[in-house]
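Notes follow once the structure below has been shown.
Sequential numbering from 1 along the given sequence is applied to the chain's residues.
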Amino acid sequence: MQLHFSPSMRSITISSSNGFIDLMKIKVAARHISYRTIFHTILFLAFLLPFVFILTAVVTLEGVNKCSSFDCLGRRWGPKFFNGGDDSGVSNFFLHTQRLVRDFYKILNQVNTEEIPHGLKLPDSFSQLVSEMKNNQYDATTFAFMLRAMMEKFEREIRESKFSELMNKHFAASSIPKGIHCLSLRLTDEYSSNAHARKQLPPPELLPLLTDKSYHHFILSTDNILAASVVVASTVQSSLKPEKVVFHVITDKKTYAGMHSWFALNPVSPAIVEVKGVHQFDWLTRENVPVLEAVENQNGIRNYYHGNHVAGANLSDTTPRTFASKLQARSPKYISLLNHLRIYLPEFLETIIFPPVSLFKYKKNKYINKLFPNLDKVVFLDDDIVIQRDLSPLWDIDLGGKVNGAVETCKGEDDWVMSKRFRNYFNFSHPLIAKNLDPDECAWAYGMNIFDLHAWRKTNIREAYHSWVRENLKSNLTLWKLGTLPPALIAFKGHVHPIDPSWHMLGLGYQNNTNIENVKKAAVIHYNGQSKPWLQIGFEHLRPFWTKHVNYSNDFVRNCHIMES
């Protein structure tokens, strides 16, 4: 081994004795390291490197014995540490340890099958347990009993806390945020005092476009003004031809004035928006809508959705996930008329631009269809979605004579969202369900659906929906527990055409582990579930996809303190 110093003493090279291989080259930086320090370092390395080479050779030779150098060193040097070089000491040590472990397992099995002693005082923490063991000299059996009792106590507390969390989340999801309630009230007041808020939507000259088949017609049914504004704004912003977009917004009587005010004062031109209230349709009666009859007449149904959800429930035999599903099934929205209106789309679009009274007169005319041509295809949207891509290609999908173009929800690995079959929605222990349905049949998603109204009008979908809703009411809700999708799964049976899953991504209101890259790629993202983006329980990293479409500069939004979080 040789050391070569440059004439300027700025670099030093360490090479092998034959001079052909450079092992190390060190450049000395002036002003940082003194020459004396470098010289001492080089001397140390010169003595150390031969030992490194020898150690490498030893490790290589040990590989022949098929063991690592640490393992071999442990076997060779271990006995000397334990018993001065006597291998029998190590063997006795390990045998004694194994015997202790076996005895402890035996005690644990014994404790697991016996009753916990009555009056056993449990410590509140692990440190307190250790302290009491030292002070009271517990034997192994007593320690095992205390350990088991503490674990069972903590499991009960965690379980109760989880159920409490789920209940609080249910109440939060069912409530109306103060800012959204304020927005509705202020816009309603504006409707009564501001003529601009009451102007006709759309203007009279654009009325014929509401039934023009060459336009892309969207249906939105909601009583949430802020959510409606996001759906409409995101659709128009994502459209390649916004001048071809027509929105039919349907709301309830209490929200109608506020909803009309919002879109009258905040036009989304060149798109067209009309707002209608359910009170403007004379055919929406208890006789035509079984759900409406149930809400008005059956106290048991109202108590089911608005009553005490814990009373009578055996939480000890219920998992948190099952309890969460039952709570979701009791959401008051499932007896909201607005949530069931999608089954009446053909009727709505026949009457959408005409006053109910005049329409009633026209319906007596057998030439009604010639006077007012019906639309062929429409896209129905839930109010908890965001549009991220142009949806006009949906109208070009060949549904093969089917009524409903929807994403199937049984083709994914996600247990919460994309692994749903009929068994997840129906009670197959009921003979009526078992007789008529297949538990393995694939479910599909509501929330973004392309409907062929021409094909729909040739079916008895609405009648089948009514029939099954009545059967469920008569059976005291024992056929299914979850809202509008189950009767729709039956009514549309045989009338669904699967569309590509990239059109509709679900589950953003269920879980916070949603893949962000998949969210960015989806045409429509759906915050189905309890964690809506306008609620504080919404997932923080998923909320920006929704909030970016909220007009936070709007005076009504600012005055109601709806601020971007």
Basic-acidic side-chain contact under 4.0 Å: [X], [Y]:
X: Asp383; Y: Lys532; result: no
X: Glu517; Y: Lys521; result: no
X: Arg186; Y: Asp189; result: no

Sort out for me which residue in Leu432, Ile490, Ile433 forms a side-chain contact (heavy atoms from CB on, under 4.5 Å) with Glu471.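 It is Leu432, the one option of Leu432, Ile490, Ile433 that forms the side-chain contact (heavy atoms from CB on, under 4.5 Å) with Glu471.
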Have a look at Ile219 and tell me which of Val249, Leu381, Ile250, Asn449 forms a side-chain contact (heavy atoms from CB on, under 4.5 Å) with it.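 Only match with Ile219 under side-chain contact (heavy atoms from CB on, under 4.5 Å): Ile250.
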For the residue pair [X] and [Y], does the interplanar ring angle fall in the parallel (under 30°), tilted (30 to 60°) or perpendicular (over 60°) class?
X: Phe422; Y: Phe426; answer: tilted
X: His340; Y: Tyr465; answer: perpendicular
X: Trp444; Y: Tyr446; answer: perpendicular

Is the closest side-chain heavy-atom distance between [X] and [Y] below 4.5 Å?
X: Asn554; Y: Trp262; answer: yes
X: Pro439; Y: Arg421; answer: no
X: Asp555; Y: Arg558; answer: yes
X: Ile116; Y: Glu152; answer: yes

Could you state the interatomic distance from CG (Leu506) to OH (Tyr527), rounded to the nearest 0.5 Å?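 Taking CG in Leu506 and OH in Tyr527, the distance rounds to 12.5 Å.
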Could you tell me the separation between the CZ atom of Arg470 and the CG atom of Asn472, rounded to the nearest 0.5 Å?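 Nearest 0.5 Å value for the CZ-CG distance: 13.0 Å.
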Checking Ser502 against Asp500: is there a side-chain donor and acceptor pair closer than 3.5 Å?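 Yes - a donor-acceptor pair under 3.5 Å links their side chains.
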Apply salt bridge (charged side-chain N to carboxylate O under 4.0 Å, His left out) to the pair Arg342 and Asp382, showing each step before the final yes or no. CA-CA 10 Å; Arg342 65 195 82 190; Asp382 273 351; 3.4 Å; yes
How far apart are the closest heavy atoms of Leu391 and Ala523, and which atoms are they?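 So the two residues come closest at CD2-CB, 4.2 Å.
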